[in-house]
Each structure stands twice: as structure tokens, then as C-alpha cells.
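Worksheet: the structure to be examined is printed underneath.
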Amino acid sequence: MSTPPTNGNGSSSTSKPSNPLKRVDLDGHDLPPSPAPSSPRNGRRRYALATELVYTESKDQYGASSVPIYQSATFKQSTAQGGQSEYDYTRSGNPTRTHLERHLAKIMNANRALAVGSGMGALDVVSRLLRPGDEVITGDDLYGGTHRLLTYLATNMGIVVKHVDTTDAEGVRSHITEKTAMVLLETPTNPLIKIVDIQTIARAAHEANPKAIVVVDNTMLSPMLLNPLDIGADVVYESGTKYLSGHHDIMAGVLAVNDTELGNKLFFMINSTGCGLTPNDCFLLMRGVKTLAIRMEKQQANAQAIAEFLESHGFRVRYPGLKSHPQYDLHWSMARGAGAVLSFETGDPAVSARIVEAARLWGISVSFGCVNSLISMPCQMSHASIDSKTRAERQMPEDIIRLCVGIEDADDLIDDLSRALVQAGAVTVTLDGFHATGAAEEVGKAPLTE
Ligand SMILES: Cc1ncc(COP(=O)(O)O)c(C=O)c1O
Ligand SMILES: N[C@@H](CCSC[C@H](N)C(=O)O)C(=O)O
């Protein structure tokens with residue numbers, strides 16, 4: 001039998017707090033106005049993640065099993081004084097959003113989660129913690145949009161952004177100074193699939209400068225496979241457009257923290273700038289999150305099969321599910337799975353383009369984490385906002401193809417890819433099968449982490 005939800009001070013959920021302006025969570029932290037908890041307990045997990053993803057204790061008056069969409073901008077107040085009710089205005093808070101945020105806090109192992117309009121919106125909220133002169137230490141293989149926003153901050157807002165090799169944890173430490181306000185990490189990186197040791201970097205950053213916050217973009221793995229807050233991160237954010245929602249039918253971003261003050265600052269930014277996720281999109285994100293486990297399981301199994309298929313045919317494949325990945329052990333020391341994004345090279349951008357265009361089941365599209373399989377050339381698409389000179393400096397191969405694997409039948413995906421490889425002239429066909437044509441040149445290439 002389920003336990004009745006409790007309010008902030010542990011009393012029955014039906015009793016009202018004595019001061020309606022003051023709301024606290026189960027740990028006694030002040031919270032901005034929100035309804036009574038709709039997720040179990042204090043937001044912490046009691047069951048296996050697959051169970052918690054679908055399990056909520058809603059306090060809906062009619063017992064609705066799916067959270068209602070409170071499609072209302074305003075909420076009527078009972079007195080002229082205002083501020084007496086749970087909600088007044090959807091920019092500041094909405095019951096559908098609160099339900100989602102409580103659920104996200106639980107599955108992200110956080111004290112507080114916040115939902116905004118996109119992944120970039122989430123990074124924008126975090127970046128508003130920075131002041132002119134602050135330093136940000138971040139990777140040299142970042143999602144293109146992240147690079148673009150950081151470049152804007154460096155160019156226009158007086159923020160010093162240092163792109164360093166975050167696969168070298170000790171090297172990162174040497175860059176941290178008293179001016180370092182933020183260390184921003186992605187793992188696996190997108191699209192080079194490099195692994196970053198969050199725990200070691202977070203420890204080093206906090207030792208070197210206790211005021212620096214460690215921020216992790218967890219879009220590539222999702223809370224299904226990694227909880228960065230558990231291994232030293234101060235803030236985790238992700239694009240809810242990807243695995244969390246899973247169907248490419250909404251844009252969303254989520255943020256999660258354990259520190260109450262930090263959570264309040266982020267909420268302040270969201271309320272002040274008005275980037276909170278709309279009620280309708282909160283509903284869709286909530287619905288998507290419930291199938292995260294089953295989607296991710298199938299997507300990963302497919303990704304593993306495709307990575308092995310490509311590698312066995314002589315392609316240079318980047319995927320942390322392959323033992324050949326140079327940071328295989330590091331990845332599995334942090335994460336519960338390899339995810340469903342992999343990349344491979346052909347040795348020739350024109351051949352890569354022909355493969356992408358010959359594929360039928362694989363949609364030519366940016367983004368990942370969707371139930372449909374996608375194929376793209378990051379240098380021309382998702383990472384085109386990084387100029388070609390910088391891409392070259394960062395050793396991003398122009399021929400790299402990214403595969404974002406969905407939930408289709410694995411054999412169908414492999415058949416379609418095989419046909420595209422043959423049609424594009426990427427493989428040499430013999431009586432025994434086929435082998436990557438560019439494989440001979442690939443052999444002499446540097447290892448993936450260098
Ligand atoms: C790793 C990563 N972080 C953040 C984002 C931004 O998310 P959104 O498109 O929802 O703004 C993306 C993709 O867009 C991404 O790939
Ligand atoms: N035109 C968009 C490109 C979005 S890329 C989406 C996703 N993160 C990916 O890696 O595919 C833009 O300019 O941001």
C-alpha cells in the first residue's frame with residue numbers, strides 16, 4: 001500500500017501550513033510557492049528507477065491518474081492581500097509544472113528540480129549566476145549550441161571562457177583559479193564520445209576553489225544512466241527535448257540541484273525571465289519520462305548491435321559500449337549504460353554525405369534520444385555553429401557521422417545501414433561480405449583520446 005503524501009513539515013497532507021507564505025520541504029528548506037507534494041515522500045527514491053519513473057502519488061481531487069494540464073495563466077486569489085494562495089501566475093508557478101518538477105527531483109536524485117523551455121534555456125538560467133570577470137572552465141568538445149552561448153558570454157558579457165581537454169582531469173585542475181566560478185562538463189561528449197571523469201574533476205575543482213560550482217550537462221545519458229549530483233556535481237541540466245521526452249514532440253530543459261540556496265537562485269532567474277516550461281509541455285514531458293526506462297533499454301541494445309556491426313566491418317566507431325573505447329572503464333565506473341548515440345568515420349566527407357542521404361529508415365535530422373533512429377553529419381548540422389577553424393583545432397573529423405539509435409527492429413536498422421554503405425561506395429564488397437573502403441587509412445590514425 002502506498003504511503004500518504006506529506007507536506008513540508010511531515011504532517012498530514014490535508015493540514016494547511018500555518019503561514020501560507022512560508023513553505024518548507026521535508027528537510028526544512030524554504031521553497032517558493034508550490035502545491036503539496038505529488039510525488040512520493042521527500043522526492044527521494046524508494047523503488048528501482050524503472051518503477052519510480054512511472055509511479056506518482058497525485059493529490060488530484062478526482063483521483064486523475066494522469067496529471068491534469070492547468071492551462072491557466074492566472075489563479076484567483078481569495079483575499080485582496082494576494083500571496084495567500086499556492087499559485088498566482090503561471091510564470092511563477094503552475095500545478096502541472098510542480099508535479100513534473102517533484103517527479104524529476106525524485107528521478108534525478110535531487111532536492112529540487114526545475115523545468116524550462118529548452119536545454120539551452122536551462123544553460124542560460126545557470127549562466128546568469130556568472131558575473132563579469134568570472135572564469136568558466138569547460139571542454140573542447142562541446143555541443144555546438146553550448147559553445148555558441150559561451151562564446152556570446154565571452155564576447156559580450158565579460159566572462160572568461162577556457163576550453164580545455166576535460167578528458168585530462170589533472171590538467172583541468174591546473175586551470176582552476178580563484179576567479180573560476182564554474183566548471184561545465186559534458187560526458188560522453190557530443191559528437192566525439194569522449195568520457196569525462198566528473199568525480200575527479202568535481203573534487204579537484206572544489207578543493208582548488210570552494211566557491212566554484214560544477215555543472216554537468218547530462219543530456220547524453222539522462223537520469224536513467226547517470227546522476228551527476230551523486231558524484232560531485234552542484235548543478236545538473238539536460239535537454240528534455242531528448243531522452244526525457246523521447247518523441248521529438250516538445251522542446252524542454254530541466255535543472256536539478258541539492259543546495260537550497262542555489263535552487264532558489266535558479267528559480268529566481270526562471271521566474272524573472274519567464275522561461276518556465278508551459279503546462280502543456282510539462283504534461284507531455286511527464287508522459288515521456290514514464291517510458292524512459294523501456295525506451296532506453298531498447299535504444300541501447302540497438303546501439304550496441306549497430307556499433308558492433310560497424311566495427312566488425314572495419315569502421316572506426318566511437319561508442320562507450322565497445323571495449324575498444326579507450327575510456328571504456330572510466331565510463332562504466334560512472335554510468336549504468338552506454339547510451340544510444342555513437343559516431344563513426346569513413347575517411348571522406350563526401351562518402352559520409354552519400355551514406356547519410358542513402359539511408360531510408362534513418363532520418364536525416366539533428367537531435368537524439370527519440371524513438372526514431374537518426375543519422376547526421378555533426379560538422380554540417382548540430383555543430384555547424386562552431387566555425388570550421390575551431391572544429392579543425394579541436395580535431396573534429398569533417399567526415400564524422402553520428403547515429404542516434406531508436407527503438408526500431410535492430411536487423412532492419414542494420415539492413416538499411418548496410419544498403420546505404422554499399423550504395424555510397426563506403427565499403428568494398430567481396431564474396432565474404434564487405435569491409436570499410438577507407439579502413440586502410442584509418443589504421444594509422446591516432447587513438448581516439450589523443
Ligand atoms: C548535449 C546537449 N546539451 C544541450 C542541448 C540543448 O538542448 P535544446 O535543444 O533542448 O535547447 C543539446 C541539443 O540541442 C545537446 O545535444
Ligand atoms: N539549428 C540548431 C541545431 C540544433 S542541434 C540539436 C542537438 N543538440 C544535436 O546535437 O543534434 C541550432 O542552431 O542550435
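Hydrogens, waters and symmetry mates play no part in the numbers below; they use all other heavy atoms, side chains included. Whatever order the structure lists ligands and atoms in, that order sets their numbers, starting from 1.
Closest protein heavy atom to atom 3 (C) of ligand 2: Tyr143 OH, 4.1 Å.
Listed by chain and number, the residues in a side chain to side chain contact (heavy atoms under 4.5 Å, CB included) with Asp88 are Gln77, Ser92 (sequence neighbours excluded).
Only side-chain heavy atoms of Arg148 come within less than 4.0 Å of ligand 2; its backbone N, CA, C and O stay farther off.
A side chain to side chain contact (heavy atoms under 4.5 Å, CB included) with Asp412 holds for exactly one of Asp416, Asp409, Ile414; it is Asp409.
Distances between N or O atoms of His383 and those of ligand 2 include no value under 3.5 Å.
Salt-bridge formation is detected for the pair Arg318/Glu345: a Lys NZ or Arg NE/NH1/NH2 atom is positioned less than 4.0 Å from an Asp or Glu carboxylate oxygen. Note on Asp415 versus Arg419: no salt bridge recorded, every NZ/NE/NH1/NH2 to OD/OE distance being 4.0 Å or above.
By the definition of a contact as any protein heavy atom under 4.0 Å away, atom 9 (C) of ligand 2 is in contact.
Taking a 4.0 Å cut-off on heavy atoms, Gly145 fails to register as neighbouring ligand 2. Close to ligand 2: Lys242, with a non-hydrogen atom less than 4.0 angstrom away.
In this pair, His383 and Tyr143 present their aromatic rings perpendicular. The plane angle is above 60°, beyond the 30 to 60° band.
Counting only N and O atoms by type, the side chains of Ser352 and Thr346 include a donor and acceptor under 3.5 Å apart.
Per-residue contacts place Asn190 under 4.0 angstrom from the following atoms of ligand 2 (heavy atoms of the residue considered): 10 (O).
Around ligand 1, the residues contributing at least one heavy atom under 4.0 Å from the ligand are Ser118, Gly119, Met120, Tyr143, Asn190, Asp217, Thr219, Ser239, Thr241, Lys242, Met251, Ala252, Phe368.
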Kindly list each side-chain donor-acceptor pair under 3.5 angstrom involving residues 366-382, sequence neighbours excluded, with atom names and distances?
unit_1	atom_1	unit_2	atom_2	d
Ser367	OG	His248	NE2	3.0
Ser373	OG	Gly406	N	2.7
Ser373	OG	Glu408	OE1	2.7

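In this structure, Thr180 contributes its side chain and Glu135 its backbone to no donor-acceptor pair below 3.5 Å.
Identified under the salt bridge (Lys or Arg N to Asp or Glu O under 4.0 Å) test for residues 372-392, with sequence neighbours left out: Lys389-Glu393, Arg391-Glu398.
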